[in-house]
Student: 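Have a look at the structure that comes next, please.
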Amino acid sequence: MKILKAKLIIFGLAFSTLTANAASPEQMVQAADKIRNPSDSYEMQIQVETPEGTSVFDVSLKGQDKTMIITKEPARDKGRNMLMLDRDFHAYIPNLKRSMRLSLAQKLSGQVANGDISRTRWAGDYTVTKESENANEVQLLLKGSKENLTYAWIRLWLKKSNSQPLRADYLGLDGKTILKRASFEDYKSIAGAVRPTTIKIQDVNKQVSYIRIKSMKPKTFDDSFFTTRNMESMK
């Protein structure tokens, strides 16, 4: 009887492992998004460190199509706030007293693009293909399925056991040319789960920038919060 129970336990563990590893590429990307994002609506403070200097932003996000970014530091940049509605990205220029429409792919600072801090989800924006896997990692190729994304193609590596993002190559329009490389680091318990709190981004010239999450928590926002009027008035 004890031998039978032991065999059943071993079989159950093996079945669980097989089930976990049987997740589709799309399910793995969805799981990776949940690791990086605590909920449908949340706020975080991030610090962006680049060769050009250090900036601090308060970022409020709702769903996949609304992001408000308030510049907190340096003091000279206060008021230079940003708003993303769907894939339209607006930046307010205080000295001109007007907002300008920019692309998500456009440079924010250093190696960091506007979309790196405003549009943070992969599921739904990309079609996913599994390229390879080993005992520890799964390599996926993400092809943009919408216009005006930050990156047209992404090669993404996820931890096989739990879909934690490990690193990514951001590719050009040909799906081959490497524009930048990112690694997801400093996993910590934050906003109710273990998440990467640092994204290291390196370009082809070996210049490096960091996006560091200083705080993150779920928060509910009304749609009326995400307006150009708020973008222009917040400090």
Student: Kindly work out whether a path of hydrophobic side-chain contacts (I/L/V/M/F/W/Y, heavy atoms less than 4.5 Å apart) joins Leu166 to Leu140.
Tutor: no
Student: Does anything in residues 144-176 form a ring-ring contact (aromatic ring centres under 6.0 Å, His included)? List the pairs, not counting sequence neighbours.
Tutor: Tyr151-Tyr170
Student: Under the rule for side chain to side chain contact (heavy atoms under 4.5 Å, CB included), what residues qualify as partners of Ala91, not counting sequence neighbours?
Tutor: Met82, Leu102
Student: I'd like to know if the side chain of Gln47 pairs up with that of Glu49 as donor and acceptor (distance under 3.5 Å, no hydrogens or angles considered).
Tutor: yes
Student: What I want to check is whether the side chains of Asn148 and Ser103 have a donor and an acceptor closer together than 3.5 Å.
Tutor: no
Student: Got a sec, which residues hit side-chain hydrogen bond (donor to acceptor under 3.5 Å, both in side chains) with Lys66, two or more places apart in sequence or on another chain?
Tutor: none
Student: Please list, chain by chain and in numerical order, all residues satisfying side-chain hydrogen bond (donor to acceptor under 3.5 Å, both in side chains) with Thr177, sequence neighbours excluded.
Tutor: Asp174
Student: Sequence neighbours left out, what passes side chain to side chain contact (heavy atoms under 4.5 Å, CB included) with Thr220? Give chain and number order.
Tutor: none
Student: I'd like to check Leu85 versus Asp65 (side-chain heavy atoms, cut-off strictly below 4.5 Å). Are they in contact?
Tutor: no
Student: Let me have the donor-acceptor pairs involving side chains of residues 192-203, under 3.5 Å, with sequence neighbours excluded, atom names and distances please.
Tutor:
unit_1	atom_1	unit_2	atom_2	d
Arg195	NE	Ile190	O	2.9
Arg195	NH1	Lys34	O	2.9
Arg195	NH1	Ile35	O	2.9
Arg195	NH2	Ala191	O	2.8
Thr197	OG1	Asp186	O	2.7
Thr198	OG1	Asp186	OD2	2.6
Thr198	OG1	Arg212	NH1	3.4
Asp203	OD1	Asn205	N	2.9
Asp203	OD1	Lys206	N	3.1
Asp203	OD1	Gln207	N	2.9
Asp203	OD2	Gln111	NE2	3.2

Student: With sequence neighbours left out, which residue pairs that include part of residues 50-63 fulfil the side chain to side chain donor-acceptor pair (under 3.5 Å) condition?
Tutor: Gln45-Asp58, Thr50-Ser109, Glu52-Lys107, Glu52-Ser109, Lys62-Asp223
Student: With hydrophobic residues grouped by side-chain heavy-atom distances under 4.5 Å, do Leu141 and Val29 end up in a single group?
Tutor: no
Student: Could you tell me if the side chain of Val59 sits less than 4.5 Å from the side chain of Glu43, heavy atoms only?
Tutor: no
Student: Does any pair with a residue in residues 73-89 pass side chain to side chain donor-acceptor pair (under 3.5 Å), and if so which ones, sequence neighbours excluded?
Tutor: none
Student: Flag the pair Ile117 / Ile46 as yes when at least one side-chain heavy-atom distance between them is below 4.5 Å, and no otherwise.
Tutor: yes
Student: Arg121: what forms a salt bridge (Lys or Arg N to Asp or Glu O under 4.0 Å) with it, not counting sequence neighbours?
Tutor: none
Student: Excluding sequence neighbours, so at least two apart, what forms side-chain hydrogen bond (donor to acceptor under 3.5 Å, both in side chains) with Glu185?
Tutor: Ser183
Student: Side-chain heavy atoms under 4.5 angstrom apart, residues restricted to Ile, Leu, Val, Met, Phe, Trp, Tyr: same cluster for Met216 and Ile211?
Tutor: yes
Student: For Arg119, enumerate each residue passing the salt bridge (Lys or Arg N to Asp or Glu O under 4.0 Å) test, keeping only those at least two apart in sequence or located in another chain.
Tutor: Asp125
Student: Under the rule for side-chain hydrogen bond (donor to acceptor under 3.5 Å, both in side chains), what residues qualify as partners of Asn136, not counting sequence neighbours?
Tutor: none
